[in-house]
Amino acid sequence: MTEEPTRHLTDPRAMRALAHPTRLRLLGELRVRGPRTVGMLSDAIDEAVGSVSYHLGKLAEHGFVEEAPEHARDRREHWWRATHARTSWEPVEMLADPDRRTASDLLRRAVLDRYSERLGHYLDVEATLDPQWVRGTASSDSWLHLTSDELIELRADLEALAARWQARSDPARPGAETVTLMYHAFRDPR
């Protein structure tokens, strides 16, 4: 199977399956680094081989990953790849169904925890990086006063901006390194 650009989730079982920290890390690793063996993934995320195999099985069960046999040197070697570059879901689609809303919330909180973990790791190592990379680092928030339609427009602008930079992204380009882009825009519930 060829990697699809985006998988849109509606199934609460798939959301729950992905809402596990190890599975989020494995899927991220396969997306960023490309196909890997269980051993390579075990080393990359510092998890036992048996645990990695189990979690890959759960991800495969829900269509997030698949085996990549063309990379294997023999029948004993098992390679895995992500089946899509991005995962999306629409929280508004979940509002009317308590099971889907709960699954969406669980996944969103797991993703938020992963974001926090990744940013924390960056802060831990920032002082060891080349200052050229630190110069481009950004952290900010803005307080905006928007209508719901304007928030939808802002979301579209952010997605277009991310897509433009994703299209420009090339891991083989000299000097290119993996950069994480995170953003959130939501109505302040106060």
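These values consider heavy atoms only, across backbone and side chains, with no hydrogens, waters or symmetry-generated copies. In this text the structure is predicted, and so the values were computed from the model without any measurement.
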Let's go through Arg109 and Asp105 carefully: what are the C-alpha distance in whole Å and the side-chain angles of both, what is the deciding distance for salt bridge (Lys or Arg N to Asp or Glu O under 4.0 Å) to 0.1 Å, and is it a yes or a no?
CA-CA 6 Å; Arg109 289 177 189 279; Asp105 183 60; 3.0 Å; yes
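- For the pair Glu61 and Arg13, the salt-bridge criterion is not met [side-chain N within less than 4.0 Å of a carboxylate O].
- Residues satisfying the side-chain contact (heavy atoms from CB on, under 4.5 Å) test with Ser148, not counting sequence neighbours, are none.
- Under the side-chain hydrogen bond (donor to acceptor under 3.5 Å, both in side chains) criterion, the residue pairs touching residues 157-177 are Arg155-Glu159, with sequence neighbours excluded.
- Contacts classified as salt bridge (Lys or Arg N to Asp or Glu O under 4.0 Å) and involving residues 71-80 (residues at least two apart or in different chains) are given here: Arg73-Glu77, Asp74-Arg76.
- Partners of His20 under the ring pair (Phe, Tyr, Trp, His ring centres under 6.0 Å) rule, at least two apart in sequence or in another chain, are His55.
- Sequence neighbours left out, not one pair with a member in residues 127-154 passes ring pair (Phe, Tyr, Trp, His ring centres under 6.0 Å).
- In this structure Trp79 satisfies the ring pair (Phe, Tyr, Trp, His ring centres under 6.0 Å) test together with His71, sequence neighbours excluded.
- Taking the side-chain contact (heavy atoms from CB on, under 4.5 Å) definition, one finds that Leu129 meets it with Tyr122, Val134, sequence neighbours left out.
- The side-chain contact (heavy atoms from CB on, under 4.5 Å) check on His8 picks up Thr10, Ser88, Glu90, Glu93, with sequence neighbours excluded.
- For Asp99, the side chain to side chain donor-acceptor pair (under 3.5 Å) partners at least two apart in sequence or on another chain are Arg16.
- Using a 30° and 60° split on the angle between ring planes, His62 and Phe64 fall in the tilted class, from 30° to 60°.
- Shown here is Arg108, whose CZ atom has no more than 12 heavy atoms of other residues, nucleotides or ligands within 6.0 Å.
- The ring pair (Phe, Tyr, Trp, His ring centres under 6.0 Å) analysis of residues 22-52, with sequence neighbours excluded, yields no pairs.
- Listed by chain and residue number, Arg118, Met182 satisfy the side-chain contact (heavy atoms from CB on, under 4.5 Å) test with Thr180 (two or more places apart in sequence, or in another chain).
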List the atom pairs, donor and acceptor, that lie under 3.5 Å between side-chain atoms in residues 42-50 and the rest of the protein, sequence neighbours left out.
from  : atom 1 : to    : atom 2 : distance (Å)
Ser42 : OG     : Glu47 : O      : 2.4
Glu47 : OE1    : Ser51 : OG     : 3.0

